[in-house]
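Report on one structure; see the data block that follows.
To find a chain, count down the sequence lines: A is the first, B the second, and so on, and within it residues start at 1. In this text, all values refer to a predicted model and were calculated from it rather than measured experimentally. Only heavy atoms go into these numbers, but all of them, side chains included; no hydrogens, no water, no symmetry mates.
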Amino acid sequence: LSHPDGMAIAAGAARPRRRLSWARARRGAVPYLLIAPVVGVLAVLLAYPVYRLVVLSLQQYTLFELIQHKGKWIGVANFRSILQDAVFWHTVVRTIVFTVANVGLTIVGGLAIALLLVRVSGWVRILVTAGLVLVWSMPQVVAVQVWYWMTNYQNGVVNYILTQLHVGDYFQHDWYATPLSSLSLVTLLVVWGALPFVAITLYAALSQVPSELVEAAEIDGARPWHVFRDVTLPILMPILLILISLSILWDFGVFTQAYLLINPSHIHPSNYLMSTYLFQEGFQKADYGKGSAISIVMLVVVAVLSFFYVRKMVRVGEVT
Amino acid sequence: VNGRRTNRAAWNAVGIALFVVMVFPVFWMISTAFKPDDQINSLTPTWFAGHPTLQHFTDAIHRPFFWDSVKNSLIIVLVAVGVAMVLAFLAAVALAKYRFTGRKLFVVLMIAIQMIPGTGLIIPLYVVLARYHQVDTLTGVIVLYISAVLPFSVWTLRGFILGIPTDLEEAAMVDGSTRLGAFVRILLPLVAPGLVATSVFAFITSWNEYIFARVFLNDQAKQTVTVWLSYFQGTSRNVDWGGLMAASTLTAIPVVVFFLLIQRRIAFGLTAGAVKG
């Protein structure tokens with residue numbers, strides 16, 4: 001826009017009715033001036049890095065090239081190497097299973113809590129909501145430390161409680177011994193942290209369900225399950241879809257909880273998720289070219305997944 | 001009616017059980033932080049700290065780099081949020097008050113960018129910031145946090161500005177104010193609660209951020225609180241659980257306090273009193 005030729009063309013076009021156009025152009029420029037700083041920051045810190053990401057993914061770029069500030073072109077070799085790597089495909093499958101489990105537990109659990117909140121007495125509702133808000137406010141890094149303390153094999157309280165409840169003998173049980181077990185703990189941690197947002201949002205949406213509709217259905221003799229399926233659920237559907245797509249996006253990209261709870265020194269191909277895989281193979285091993293190729297695969301998946309959500313939100317934004 | 005009442009009692013019991021399970025980790029963190037070591041390391045847990053002690057908190061704040069990391073976190077977060085709010089507010093005014101070509105594209109970008117996982121851009125950002133010698137400087141992380149909180153701040157602030165009835169602004173203009181005058185006298189005070197809520201949210205996001213701080217600040221004297229906490233347990237086999245939980249509590253406190261504040265802020269209608277009252 002600031003290109004000199006562009007200015008000349010604009011000035012030339014404006015010449016016949018200069019004064020009027022000047023005023024109009026000045027008024028028209030205001031919104032662009034207002035958004036310019038944001039656009040500038042995001043161009044430097046987002047658009048340019050994305051461009052560099054694409055370039056890096058086509059280069060051999062390690063610590064040596066980082067110091068030289070110059071990569072070596074190798075075409076699509078980085079992509080070929082990850083797509084031929086069994087670790088990559090195992091990670092993809094593991095991340096999908098992880099995401100489905102997390103999203104399923106979060107949405108079903110959140111919906112159950114929201115429905116429960118409708119049925120309890122006022123003081124219990126306040127108590128549960130306060131508890132949910134407290135959990136919601138816990139920083140991820142803090143939650144990881146608490147989880148780690150509760151599940152440590154020497155004297156973690158989880159082992160004690162499970163043994164006392166006669167679930168089995170969990171005396172000094174090591175939850176971090178297998179990838180499945182440690183990733184399950186990550187899932188519990190992520191779901192615990194995500195439930196408050198989903199439950200509180202769905203409870204707010206439930207209060208939009210007209211009680212006459214529910215009562216009418218009950219008088220007609222509909223069973224509770226049918227009332228839920230045919231009356232409540234359709235009304236909740238739009239917000240439920242937004243929550244599902246948000247959860248998919250967040251859970252697909254989980255990093256902090258997985259990286260810190262499994263412990264950086266135990267992050268290993270057998271417990272990789274997409275983001276820990278990218279971080280370990282690309283950043284920690286200083287193979288920035290390969291890491292960029294993994295990033296691009298990940299960002300493409302995220303772009304596809306977020307399409308629905310973004311379209312929906314833009315529509316919501318246009319209405320208001 | 002009796003059946004309904006027993007039902008209600010049963011649901012209440014489920015609700016209380018849910019409360020206990022959900023809140024237990026937070027309770028366990030705080031109660032461990034106040035317990036003497038022999039109670040913490042015992043094989044049979046003590047549920048409530050019998051002889052509460054502040055020893056773990058004193059230990060935690062005297063660990064190396066605690067005050068450094070608090071200072072760094074505060075500098076990074078306050079500067080990043082301050083700058084981001086000014087920039088975001090300008091853009092939000094443009095979105096809420098003007099129609100212009102490219103507006104829709106801008107809206108789409110603001111929403112779509114929020115979906116990008118930070119880890120996906122870590123490598124190019126590292127290469128770019130290393131090129132300009134911004135790794136291991138607070139400035140580098142500040143700039144990253146500004147760009148990270150901008151999109152949702154623009155979007156949220158736009159909502160708060162739209163929530164202000166236009167008749168208020170028009171009334172001010174009829175009274176002879178210029179658009180800028182109307183803006184400063186009418187819009188700004190009304191939008192202040194929204195601005196506070198958005199800044200607090202941006203504050204929490206930046207304070208909690210881990211991965212950028214971990215990657216872009218290697219020097220221990222420059223690390224933030226979350227990175228400091230993540231290194232707390234160290235590599236030794238005997239973790240100082242009491243200290244770790246005290247440190248966790250300290251890290252969480254500002255976030256929890258701020259979070260509870262904006263929960264209230266959002267619950268109150270923002271302009272409810274302005275027109276009716």
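Residue contact with chain B, scored on non-hydrogen atoms closer than 4.5 Å, involves the side chain of A:Leu195 exclusively. Residue A:Phe283 touches chain B through both its backbone and its side chain, counting heavy-atom pairs closer than 4.5 Å. Neither the backbone nor the side chain of A:Ile294 comes within contact range of chain B, judged by heavy atoms closer than 4.5 Å. Neither the backbone nor the side chain of A:Ile296 comes within less than 4.5 Å of any heavy atom in chain B. With a 4.5 angstrom heavy-atom cutoff, A:Phe252 does not touch chain B via any of its atoms. The contact between A:Gln284 and chain B is made entirely by side chain atoms (from C-beta outward), counting heavy-atom distances below 4.5 Å. Using a 4.5 Å cut-off between heavy atoms, A:Val146 touches chain B through backbone and side chain atoms alike. For A:Leu260, the part lying under 4.5 angstrom from a heavy atom of chain B is the side chain only. In this structure, chain B has a heavy atom under 4.5 Å from the side chain of A:Ile161, while its backbone stays farther away. Contacts of A:Val124 with chain B are made by side-chain atoms alone, with heavy-atom separations under 4.5 Å and no backbone atom involved. Contacts between A:Leu249 and chain B at a heavy-atom distance below 4.5 Å involve the side chain alone, from C-beta outward. With a 4.5 Å cut-off on non-hydrogen atoms, A:Tyr61 touches chain B through its side chain but not through its backbone. With a 4.5 Å cut-off on non-hydrogen atoms, A:Asn152 touches chain B through its side chain but not through its backbone. Interface remark: A:Phe307 contributes no atoms to any contact with chain B (heavy atom separation under 4.5 Å).
Interface remark: of the candidates A:Val41, A:Leu66, A:Leu116, A:Leu116 forms the most heavy-atom pairs closer than 4.5 Å to chain B.
Between the side chains of B:Ser73 and B:Trp207, not a single donor N or O lies within less than 3.5 Å of an accepting N or O. Of the N and O atoms on the side chains of B:Glu209 and B:Tyr145, at least one donor lies less than 3.5 Å from an acceptor on the other residue.
In this structure A:Glu281 satisfies the salt bridge (charged side-chain N to carboxylate O under 4.0 Å, His left out) test together with A:Lys285, A:Lys290, sequence neighbours excluded.
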Give the table of side-chain donor-acceptor pairs shorter than 3.5 Å for residues 38-46 of chain B, with sequence neighbours excluded, one pair per line with atom names and distance.
from    : atom 1 : to      : atom 2 : distance (Å)
B:Asn41 : ND2    : B:Asp37 : O      : 3.4
B:Ser42 : OG     : B:Thr44 : N      : 3.0
B:Ser42 : OG     : B:Thr44 : O      : 2.8

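Ring planes of A:Phe255 and B:Tyr210: parallel class, angle under 30° (limits at 30 and 60°). Taking the six-membered ring where the residue is Trp, B:Trp28 and B:Phe24 present parallel rings, their angle staying beneath 30° rather than reaching 60°.
The cationic atom of B:Lys35 (NZ for Lys, CZ for Arg) does not lie both less than 6.0 Å from the six-membered ring centre of B:Trp47 and within 45° of the ring axis.
The two residues B:Ala33 and B:His56 have their closest heavy-atom pair at O-CD2, 3.1 Å. Of all heavy-atom pairs between A:Arg125 and A:Thr129, the closest is O-OG1, 2.5 Å.
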